[in-house]
Amino acid sequence: MIRSLLILFVLLSSPRAVLAAEEQAPKSPPESSPADPEKADDTLEGFRTPLDALTERMIGTASKSVRFDWRKSNLGIGLIGSELLERNNFGSTRLGLLARRPFGKFMGELAISRAFTWGTDSTEKLALTPYRQYGRPSRIELDVNLGYPLAEGVVTALPGFFPATELVFSANAGFRYLFYPGAMGGMKFQDVATSLLAPRLSDHELGQLESSRPGGMQIDPARYGLLAGISLDVYFGSGGFLSPRAMMAVPLVGVVTGTGLGLWWELSLAAGWTF
């Protein structure tokens, strides 16, 4: 009896027996471990600032106030009228069309105008004397202008019903080409091609214009002109614009063109729409 109990004890205490007993024993479900707490997001921790510190310093800067961003416009078209203030007694005015387009920080403009010139009471009396004044008969003018903004901002007009506008104060430089219809009549094709690019009118052109000039005028021979001045562009939120401008003739090419007008002023006003 004792021998049988000893053998049974040895069998039960062996590793194989223990493993077999464990395999036969029912497995209890694993204990569930408590879920890990959600990890805090500290991405913006370095940018956090107490409210007291924010109230004592500047939080940021505001972007430039713009009522109408003319730099993003594609094309502007309009009408332009000018009054020429030359150093003579003749009356001169201009009326034409213009097209403008921004090029980066600059505003480029192309205009074609018809200039009308007429005599006055003073020039009629001058025609009775041997004296003459430099002037320019009626003509067609082609302008290429470039404007650079010096200051701009949004303003509110005094009448309350008038909408806020964008004002752009610019410096302007322009090149002007003068064409006199009928002045090249009777010229050969080669002479016409040469005269179109010449800086001054030929003797043939001056002779052709004698019949159309006002009395007391000595025709100014310059075909080219340079101008410089300032403008104030007023842009409305809808795209409309007004552009008063004051330009002055710059006699840098006077030696080449032979102009006798010297310094003179031009006051103009343009109105149109920008797309």
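Linking Ile, Leu, Val, Met, Phe, Trp and Tyr residues whenever their side-chain heavy atoms come within less than 4.5 Å leaves Met247 and Val234 in two separate clusters. Under the 4.5 Å side-chain heavy-atom criterion for grouping Ile, Leu, Val, Met, Phe, Trp and Tyr, Leu232 is not connected to Leu79 through any hydrophobic cluster. Leu197 and Phe179 fall within a single hydrophobic cluster, where Ile, Leu, Val, Met, Phe, Trp and Tyr side chains are chained together by heavy-atom contacts under 4.5 Å. Cluster annotation: Phe103 is not connected to Leu75 through the hydrophobic network of ILVMFWY side chains, with a link wherever side-chain heavy atoms come within less than 4.5 Å. Transitive grouping of hydrophobic side chains (ILVMFWY, heavy atoms separated by less than 4.5 Å) brings Leu196 and Val253 into a common cluster.
Atom-to-atom distance recorded for Thr93:OG1 and Leu267:CG is 10.5 Å, nearest 0.5 angstrom. If you take CG on Asn172 and CG on Leu150, they are separated by 9.0 Å, rounding to the nearest 0.5 Å. Note that CG of Leu201 and CG of Leu178 are 8.0 Å apart. Values are rounded to the nearest 0.5 Å. For the atom pair Gln133 CD and Asp220 CG, the distance stands at 12.5 Å (nearest 0.5 Å). Within the model, atoms OG of Ser212 and CD1 of Ile219 stand 6.0 Å from one another, a figure rounded to the nearest 0.5 Å. The line from OG1 of Thr259 to CG of Leu226 is 11.0 Å long, rounded to the nearest 0.5 Å.
In this structure, Tyr131 places its OH atom where only 12 or fewer heavy-atom neighbours from other residues, nucleotides or ligands lie under 6.0 Å away.
Panel note: side chain Thr120, backbone Asn89; a donor-acceptor pair is recorded below 3.5 Å. Judged purely by atom type and a 3.5 angstrom limit, Glu205 uses its side chain to pair as donor or acceptor with the backbone of Ser202.
Two residues are said to be in side-chain contact when any heavy atoms from C-beta on lie closer than 4.5 Å; Asp143 and Phe175 fail this criterion. You'll find the side chain of Arg223 stays beyond 4.5 Å of the side chain of Pro199, heavy atoms only. The closest side-chain heavy-atom distance from Ile140 to Ile112 is below 4.5 Å. A heavy-atom distance below 4.5 Å is not found between the side chains of Thr123 and Met217. A heavy-atom distance below 4.5 Å is not found between the side chains of Tyr177 and Glu141. Side chains of Arg176 and Leu142 form no contact here, defined as non-hydrogen atoms less than 4.5 Å apart. Side-chain contact between Tyr148 and Ser170 is absent, with no heavy atoms from C-beta onward closer than 4.5 Å. Counting heavy atoms from C-beta on, the side chains of Trp118 and Phe90 never come closer than 4.5 Å.
In summary, Glu166 and Arg67 do not engage in a salt bridge, as defined by a charged side-chain N under 4.0 Å from a carboxylate O. Using a 4.0 Å cut-off between charged nitrogen and carboxylate oxygen, Arg136 and Glu86 count as a salt-bridge pair. Of the charged side-chain nitrogens involved, none lies within less than 4.0 Å of a carboxylate oxygen, so that Arg245 and Glu266 do not count as a salt-bridged pair.
Across every non-hydrogen atom of Leu263 and Pro251, the tightest pair is CD2-CD, 3.5 Å. In this structure, Arg139 and Pro181 approach most closely via the heavy-atom pair CA-CD, 4.2 Å. Heavy-atom minimum distance, Leu242 versus Ala271: CD2-CB, 3.6 Å. Closest of all the heavy-atom pairs between Leu126 and Gly216 is CD2-O, 3.7 Å. Nearest heavy-atom pair, Pro244 versus Leu269, reported as atom, atom and distance to 0.1 Å: N-CD1, 3.8 Å. Annotation for Pro214 and Thr117: closest pair CG-CG2, 4.3 Å, computed over non-hydrogen atoms.
Residues satisfying the side-chain contact (heavy atoms from CB on, under 4.5 Å) criterion with Gln208, sequence neighbours excluded, are His204.
Annotation: cation-pi pair Arg132/Tyr134 absent, no NZ/CZ under 6.0 Å from the ring centroid and within 45° of its normal.
No option in Val144, Asn145, Leu97 other than Val144 meets the side-chain contact (heavy atoms from CB on, under 4.5 Å) test with Leu110.
Among pairs with a residue in residues 178-200, none fulfils side-chain hydrogen bond (donor to acceptor under 3.5 Å, both in side chains), at least two apart in sequence or across chains.
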Derivation and outcome, side chain to side chain contact (heavy atoms under 4.5 Å, CB included), residues Arg114 and Ser138: CA-CA 8 Å; Arg114 174 70 174 178; Ser138 298; 4.2 Å; yes
Check against side chain to side chain contact (heavy atoms under 4.5 Å, CB included), Leu84 and Trp264: CA-CA 8 Å; Leu84 301 178; Trp264 49 269; 3.9 Å; yes
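The closest side-chain donor-acceptor pair between Ser243 and Asp233 falls under 3.5 angstrom.
When hydrophobic side chains of Ile, Leu, Val, Met, Phe, Trp and Tyr are connected at separations under 4.5 Å, Ile80 ends up clustered with Phe68, Trp70, Leu98, Met107, Val168, Tyr235, Phe241.
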